[in-house]
Amino acid sequence: MADGTERPGPATAGAETPFLELLARGASADAYEQPVLLARAEGRSAETVAALEQAKLVALRVRAELEGRRRREAELSALFETAHDLAGLRDLDAVLRAIVQRARSLLGTDVAYLSLNDPARGDTYMRVTEGSVAARFQQLRLGMGEGLGGLVAQTARPYVTDDYFKDARFQHTHSIDAGVHDEGLVAILGVPLMLGHHVIGVLFAADRRARVFEREQIALLGSFAALAAAAIDTANLLTETRSALAGLERANEIIQDRSAVIERASDVHDRLAELVLRGGGVHDVAAAVAEVLDGTVEFAEAAATPATALAASRAEGHAVRHRDDWIAAVAAGGELLGALVLRGHPRLDPVDQRTLERAAMVTSLLLLARRSAAEAEQRVRGELLDDLLDARDRDPRLLRERASRLRADLDAVHVVLAARLDGATADADQAADARRRLWSAASHLAATRHGLAAARDGGTVLLLPLTSGATATDLARRTARDLGTAVNEAVTVGASAPVGDLAGRPDAVAAAYEEARRCLDALALLGRSGDGAAAEDFGFLGLLLAGDRDIAGFVERTIGQVMAYDARRGTDLVRTLDAYFACGMSPARTKDDLHVHVNTVAQRLERVGRLLGADWQSPARALEIQLALRLHRLSAPERG
């Protein structure tokens, strides 16, 4: 082809077609072997079979990614549905059954069940089971500290066993083992149900075969356990409220007050449920709670919240008072995301306090959902940039459509930037974490500037539009500064020359990336850590770094003012400079070569100094000027 790339041969063309059909109809992984086996059976060429093998691997990766996204969407949807059930809680058993059913479905286990502690009898009992077939197992009552659930309750941490009967890390009893044996369970995962720092029960997922539970599955079951505990707490709260109302029937003023509190709680629950369903944001939740509680409610970052009060709220699972304010920690799993702060309410009704706590829980779910959406967009941006760098998709229309969905314009002039952290660390985990933080910061920067970003070659590559009046150097330095501030470490950035028509010339992106990497390596060799630069910043070295040898640009930057002066005034400064360097920078020999008086040479050189700067005869500048003169002479037309 004219652009130097190879067209797919007859043996490889269309190799992906059968696999696209398999993806379209959602076929099983085993079905992807059939096109390859059929080709071999038909005696197709080795090239055709190899192409099918390659297409199969790509299709399987796409299938795995699609399944992963569907799974994450299902998990998030189940959490939202459960949160909605909780917001409109009427029947505690129905909510707990829904939680257990969803946990079993999403984790793909044979059985899921939930046990609750009975303080009156000093033991724990089965409250809800899903998938169980053994009556003795469904009616189990366990003594405190017995079985896997006892270990979870003692440590207040998740616990998993691959083979229950071979695991000696917890206390086995005859009654528990008999029930588990009747049910045929082998692998069991248990997570605690926490109210504050107290364990009130355990949520389990179990299989009748050996199985290793992944970290994401443990975290998902933990999220369902948190919602189950919240449902129980809400039910207890409603019970307490009803009891309080019953006990205050004869006090009309108090009854009215309690009724108003309950009405506010119901109102905020309905509003929060509506916000979740229509995709509201964190500030929408704060505004809804502020209106119901008749106060000022703000979402604050953890760093901007009183540390002692925030730690107490996180540990207890309740809103705590701090002077005239109330603080409710916003947390998900083991991660602290911030806090909801109710200002100027030193006296807060317990029901209103619970309302603030429920709002904090809904806020955590919304933050997790927003993070999940942001991470998905970051991956899509990275995939498009990877395709541009690897020149996999050469259809300009498809490239533009994909970019448009990300609010990026491939027809605008862009700069490719290669960014790398300069801080060295001997710890591989710390280095990997630093690279992840750099990629996250670069992805956020690309999204805000309508560009693209991807992790590559141990660093990050960005494709950012070049604004009017800015240069590639300006963009590189600004990006180095912004990324360094975001990750709190020195970030060095090399930039390519501006490139355009990215959809029509995807190979230009790969070439520009190589140029940016060469600039990045040059900055490292020069010890300019934390800086940003383009090839034009390195003088004549930029000719070696640049993908396109911009000889005219180098000559213009170096001696352009002298050439312009000659053109305007009809002088001969360029020829004088050429003779001056040819004569070993000796004015006396120069005047002989030019056949002029030595004072004329001195006057011309003085004019050159005013045009090029006082340091024009320094070794470095003199070298660049001589190279520019020679390139100018070589590129000028010969005079006949």
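Glu298 places no side-chain N or O within 3.5 Å of a backbone atom of Val341 that could act as its donor or acceptor partner. Of the possible polar contacts, one joining the Arg437 side chain to the Val487 backbone as a donor-acceptor pair under 3.5 Å is found. A donor-acceptor contact shorter than 3.5 Å is absent between the side chain of Arg435 and the backbone of Gly459. With hydrogens and angles disregarded, a donor-acceptor distance shorter than 3.5 Å links the side chain of Thr124 to the backbone of Leu116.
Nearest heavy atoms, Pro158 versus Val191: CB-CG1, 3.7 Å. Leu195 and Ala229 get closest at one heavy-atom pair: CD2-O, 3.6 Å. Closest heavy-atom contact between Gly338 and Leu310: O-CD1, 3.9 Å. Pairing each heavy atom of Phe137 with each of Ser132, the nearest pair is CD2-OG, 3.6 Å. Residues Gly131 and Val111 share a closest heavy-atom pair of O-CG2, 3.7 Å. When all heavy atoms of His322 and Ala309 are compared, the closest pair comes out as CB-CB, 4.0 Å.
In this structure the side chain of Tyr159 reaches within 4.5 angstrom of the side chain of Asp167, judged on heavy atoms. Put simply, the side chain of Arg358 reaches to within 4.5 Å of the side chain of Thr234, judged on heavy atoms. Looking only at side-chain heavy atoms (C-beta outward), Leu221 and Leu203 come within less than 4.5 Å of each other. Within the 4.5 Å cutoff, the side chain of Leu438 has heavy atoms near those of the Leu483 side chain. At least one side-chain heavy atom of Ile99 sits less than 4.5 Å from a side-chain heavy atom of Val95. The side-chain heavy atoms of Asp325 and Arg343, taken from C-beta on, include a pair separated by under 4.5 Å. Two residues are said to be in side-chain contact when any heavy atoms from C-beta on lie closer than 4.5 Å; Phe224 and Leu114 fail this criterion. Side-chain contact between Arg208 and Val133 is present, with heavy atoms from C-beta onward closer than 4.5 Å.
Considering OG1 of Thr129 and CD of Gln101, their distance stands at 10.0 Å, rounded to 0.5 Å. Distance check: Leu142 CG to Asp118 CG gives 12.0 Å after rounding to the nearest 0.5 Å. In this structure, Asp177 CG and Glu146 CD are separated by 10.5 Å, a value rounded to the nearest 0.5 Å. Distance check: Asp162 CG to Asp207 CG gives 11.0 Å after rounding to the nearest 0.5 Å. Between atom CG of residue Leu445 and atom OG of residue Ser440 there is a gap of 11.0 Å, rounded to the nearest 0.5 Å. Rounded to the nearest 0.5 angstrom, His318 NE2 and Arg354 CZ are separated by 5.0 Å.
Phe165 and His172 have parallel rings, their planes meeting at less than 30° on a 0 to 90° scale where 60° marks the start of perpendicular.
No donor-acceptor contact under 3.5 angstrom links the side chains of Arg211 and Thr109, judged on distance only.
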Worked verdict on Leu96 versus Ile232 for side chain to side chain contact (heavy atoms under 4.5 Å, CB included): CA-CA 9 Å; Leu96 294 181; Ile232 295 168; 4.3 Å; yes

Val152 vs Val199, test: side chain to side chain contact (heavy atoms under 4.5 Å, CB included). Steps then yes/no. CA-CA 9 Å; Val152 173; Val199 179; 5.7 Å; no

Determine whether Phe213 and Leu220 satisfy the following criterion, side chain to side chain contact (heavy atoms under 4.5 Å, CB included), listing intermediate values before the conclusion. CA-CA 11 Å; Phe213 288 95; Leu220 178 61; over 6 Å; no

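Remark: Arg157 CZ is loosely packed, at most 12 non-hydrogen atoms of other residues, nucleotides or ligands lying under 6.0 Å away.
Legend: residues meeting ring pair (Phe, Tyr, Trp, His ring centres under 6.0 Å) with Phe204, ordered by chain and number and at least two apart, are Tyr113.
Using a 4.0 Å cut-off between charged side-chain N and carboxylate O, Arg97 and Glu130 make no salt bridge.
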